[in-house]
Amino acid sequence: MWVGVLASECLSNFVRDANYIGRPYLSKTQERRTFLVTSFSQKGTMVVRRGRTWRRRRRRKDETRPVSLAHEESFVRFFQWLHRNGCRNVPLKPAVFPETGRGLMATKALKHEELILTIPKRLLITLDAIMDSYIAPYIERADPQLNPTQTLAAFLMCEKYRREKSFWRPYIDILPEEYSCPAFFTEDDFRLLPNSLRGRAKAKKYECHKEYKELTPFFKQLADLFPGQEDVFSFKDFKWAWSALKTRAFDVPIGLESCPHIRDTDTPTPTMFPLVDSINHSVKAKIRHRYNDKSRCLESRMGTVYRKHAEVMNSYGRADNDNLLLEFGFVVPGNPADTVTFNLVQDVLEYLQPENNELLERKIMFLAQNNLISDLTCGVTGVSPQLLIALMVFLCKHDDEDVWEDVRTGRFEEDGPLDAKARKIAGRLLSLRLRTYPTTTEEDKELLKEVTSPCGRLAVYCGMERKKLLENGLKMLQHSSKLAIAKGVLRKLFSR
Ligand SMILES: C[S@@+](CC[C@H](N)C(=O)[O-])C[C@H]1O[C@@H](n2cnc3c(N)ncnc32)[C@H](O)[C@@H]1O
């Protein structure tokens, strides 16, 4: 399983291997350049001599270049299966990318609005397909009833076990064996997570256990389908199926939306979309998927252009790194959706310790009415304007709402005492938050030399990304105060 920031590490080994077995990913010009420095050996055969710099440059290039997986047997079978079943002319191929791991690469330039995928319904794993299969009578008799996720997970487990008898075998064969979502975390991995995330991650693992336990009576009945095979419904296999669903299925029911034999839940019934679920996430991606009722096909259309060999991306939603880790088991370095949130009472007021309760009440009311306490955060662009304005209003000595209104609308002296003090306190809040982490970024880097499990490394990276946000926010505050001083000096000089 490729894990966000971990992918680049794994790739460098992978690329080295690929070159070793003679499959370097070179363009024609690169190939030509490769053979520039040549000589002849005693036997008269051509020998290529290259220097250390060439090798270093070449290694660096290799590490940033995607590696095609299209020749791998499992993918060859998967694409043949797609073709046989009506999914043709796919302008995508599987590859490993340095930043994101395994994903799909454009095999040609893709145009805006181009229809790139047409996937017939029979290839999708839908509730319809399950209720039409050998497993349906068992689901109908199940007591207690299964929920949609349990239904899909049980079906996926059975299909995996049926091997060549399964229609979806070529698809199941390309699914990762292991995942890095919380269900796969060990106690040691959980310990490496930031404190604020540990409880939520453990709850996810607990949810997986709970769903499995609930299925025990169902699995006992289902054992009839696999006589003499006792390990079909182990927790390990359920965890695999459950994680495959959680990280790959789309909450879009196709055909049957519900069924009287399946327990209703708040969430829509998931569907597995082979191939579409091989596309990695980018919050900026613009690709639209739509089920065409007439042609009974899932259609994917480009919302933007892609050059040949670029990684085609899909947006899983504007999720911060905490949610990406909890739901999908990866984090995005420098994720634009990532923020560190400050609590009005526990962080801001605890630090400021304001005394006049009546005035405090009015200030909070003013801020709340102007929607200024809902985004007290630090993100990739630094501390939010709301946090700075809230701090300025709390620091304001004036009991006058007109003065607060001036602060709110930006009519205050930019490098004046109030602005400077608010920035200083924002910096203190960021530093205090940094101190709540048991390790520093430097210590994390050391830790990464020891931690080998993918989930543990992901947990460390998640904390590092958080700290990077705070450290960056601090730098920006310092930078902006220096900028303000410089601007002040210039103003004084020129106003003489
Ligand atoms: C729907 S699958 C995408 C295809 C998957 N990479 C594969 O190898 O089949 C979702 C999983 O891909 C990985 N992934 C998706 N987007 C990623 C990204 N931007 N960076 C790193 N990993 C990503 C995560 O492990 C996630 O659980």
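Since the model is a prediction, treat every value here as computed from it, not as a measurement. Just follow the structure's listing: the first ligand is 1, and inside any ligand the first atom is 1.
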Decide if atom [atom1] of [X] counts as having more than 12 heavy atoms of other residues, nucleotides or ligands within a radius under 6.0 Å.
X	atom1	result
Tyr206	OH	no
Gln229	CD	yes
Asn89	CG	no

Under 4.0 Å from a heavy atom of [X]: give me the atoms of ligand 1 that qualify, with their elements.
X	answer
Thr247	1 (C), 10 (C), 27 (O)
Asp277	1 (C), 2 (S), 3 (C), 4 (C)
Arg102	5 (C), 6 (N), 7 (C), 8 (O), 9 (O)

When Met272 is tested against each of Leu123, Leu156, Thr126, Leu124 for side-chain contact (heavy atoms from CB on, under 4.5 Å), which residue passes? Leu156
Non-hydrogen atoms of Gly101 versus ligand 1: any pair closer than 4.0 Å? no
I'd like to know whether ligand 1 has Ile174 as a neighbour, heavy-atom separation below 4.0 Å. no
Record the part of Leu175 in heavy-atom contact with ligand 1 below 4.0 Å; permitted values are side chain, backbone, both and neither. neither
Nearest heavy atom to atom 10 (C) of ligand 1: which of Phe328, Phe330, Tyr316 does it belong to? Tyr316
Test salt bridge (charged side-chain N to carboxylate O under 4.0 Å, His left out) on Arg288 and Glu113; report intermediate values, then the result. CA-CA 9 Å; Arg288 293 192 311 275; Glu113 290 299 328; 2.9 Å; yes
Look at the rings of Phe78 and Phe75 and say which category their plane angle falls in: under 30° parallel, 30 to 60° tilted, over 60° perpendicular. perpendicular
Do Arg248 and ligand 1 have an N or O pair less than 3.5 Å apart? yes
